[in-house]
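Accompanying notes for the structure given below.
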Amino acid sequence: QVQLVESGGGLVQTGGSLRLSCAVSGRTLTLYDMGWFRQAPGKEREYVAGISWRFGTTSYADSVKGRFTISRDNAKNTVTLQMNSLKPEDPAVYSCAAAVRTFSSALPTTPQRYTYWGQGTQVTVSS
């Protein structure tokens with residue numbers, strides 16, 4: 001089983017930066033792809049970014065390209081989402097998730113493909 005714990009959420013001004021971390025515990029982590037999702041009140045869960053634990057391949061939603069960066073530290077079992085140039089539309093509960101890898105080379109972008117989820121951390125952006 002995989003356990004995920006997010007941290008780093010909080011309040012930041014428009015244009016500011018925030019760094020979210022996901023601590024991952026479990027076995028055979030190279031079998032999983034990792035992703036960050038967000039959900040604002042009254043809206044559907046939205047894909048933000050993903051990374052292959054084994055290969056480091058990344059993907060990003062169009063809304064965050066050039067502003068957010070996802071990375072992983074294999075030694076520390078940590079996945080990080082660096083959020084820069086935050087906008088008023090970015091506030092939401094951000095969740096870390098893990099998906100079992102398939103033979104496809106593409107990273108999954110739908111929440112249905114992810115099996116394990118963290119509790120989420122809230123990000124608030126003020127103007």
Side-chain angles (χ1 to χ4, degrees):
Q1 300 295 314
V2 177
Q3 304 292 328
L4 309 173
V5 180
E6 303 97 333
S7 62
L11 174 65
V12 65
Q13 292 182 328
T14 298
S17 298
L18 205 61
R19 184 174 183 268
L20 305 182
S21 295
C22 176
V24 185
S25 62
R27 67 174 185 174
T28 320
L29 298 183
T30 53
L31 294 177
Y32 298 92
D33 294 321
M34 307 299 300
W36 283 97
F37 291 79
R38 67 185 183 186
Q39 186 170 26
K43 297 184 178 180
E44 297 293 324
R45 195 184 304 272
E46 177 187 19
Y47 178 78
V48 177
I51 187 169
S52 167
W53 193 272
R54 180 176 181 180
F55 300 107
T57 306
T58 60
S59 67
Y60 297 92
D62 290 339
S63 59
V64 305
K65 286 182 179 178
R67 300 189 298 120
F68 292 7
T69 302
I70 188 172
S71 61
R72 62 34 174 151
D73 188 326
N74 290 344
K76 297 180 179 180
N77 291 345
T78 301
V79 177
T80 298
L81 184 68
Q82 179 65 48
M83 309 165 66
N84 298 327
S85 302
L86 285 163
K87 300 179 179 180
E89 58 264 35
D90 290 325
V93 174
Y94 284 72
S95 299
C96 181
V100 178
R101 294 192 66 237
T102 68
F103 290 99
S104 174
S105 60
L107 290 167
T109 59
T110 60
Q112 292 84 352
R113 280 279 292 108
Y114 288 80
T115 303
Y116 303 99
W117 294 82
Q119 81 286 353
T121 185
Q122 185 169 327
V123 173
T124 303
V125 181
S126 63
S127 59

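No hydrogens, no waters, no symmetry mates; every other heavy atom, side chains included, goes into these values.
Here the shortest heavy-atom pairing between Q82 and N84 reads NE2-OD1, 3.0 Å. Of all non-hydrogen atoms in L18 and G10, the two that sit nearest each other are CD2-N, 3.9 Å. Between V93 and G120 the shortest heavy-atom distance is CG1-CA, 3.9 Å. Of all heavy-atom pairs spanning A92 and R38, the tightest one is CB-CB, 3.8 Å. When all heavy atoms of E46 and S63 are compared, the pair lying nearest together is OE2-OG, 3.7 Å. Summarising the geometry of L20 relative to G9, their closest heavy-atom pair is CD2-N, 3.6 Å, with the distance given to 0.1 Å.
Contact check for V64 versus Y47: no side-chain heavy atoms found under the 4.5 Å cut-off. Taking 4.5 Å as the limit, every side-chain heavy atom of M83 sits out of range of all side-chain heavy atoms of V12. Counting heavy atoms from C-beta on, the side chains of L86 and F68 come closer than 4.5 Å. Using a 4.5 Å cut-off on side-chain heavy atoms (C-beta onward), T124 and S126 make no contact. Here the side chains of M34 and L29 are not in contact, with every heavy-atom distance at 4.5 Å or above. The shortest side-chain heavy-atom distance between S52 and L107 falls under the 4.5 Å cut-off.
In this structure, W36 is a member of the same hydrophobic cluster as V100, with clusters built from ILVMFWY side-chain heavy atoms closer than 4.5 Å. In terms of hydrophobic clustering, with Ile, Leu, Val, Met, Phe, Trp and Tyr side chains grouped at heavy-atom distances under 4.5 Å, L31 and W53 are assigned to a common cluster.
To the nearest 0.5 Å, atoms CG (D33) and CZ (R101) are separated by 5.5 Å. Atom OG of residue S95 and atom CZ of residue R45 lie 5.5 Å apart, to the nearest 0.5 angstrom. Distance check: T80 OG1 to R72 CZ gives 11.5 Å after rounding to the nearest 0.5 Å. Taken to the nearest 0.5 Å, the OG1 atom of T58 stands 7.5 Å off from the CD1 atom of I70. Residue S127 holds its OG atom at 15.0 Å from NZ of K87, rounded to the nearest 0.5 Å. Taken to the nearest 0.5 Å, the OH atom of Y60 stands 7.0 Å off from the CD1 atom of I51.
With a 6.0 Å radius and a threshold of 12 heavy atoms from other residues, nucleotides or ligands, Q1 has its CD atom at or below the threshold. Residue-environment remark: CD (Q119) exceeds the threshold of 12 foreign heavy atoms within 6.0 Å.
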Please walk me through it: do D90 and R67 pass salt bridge (charged side-chain N to carboxylate O under 4.0 Å, His left out)? CA-CA 11 Å; D90 290 325; R67 300 189 298 120; 2.8 Å; yes
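Between the side chains of Y32 and T115, no donor-acceptor pair of N or O atoms lies under 3.5 Å.
Proximity of a side-chain donor or acceptor of Q3 to a complementary backbone N or O of S25 within less than 3.5 Å is not detected.
Ring pair Y114/F37 is perpendicular by interplanar angle, where above 60° counts as perpendicular and below 30° as parallel.
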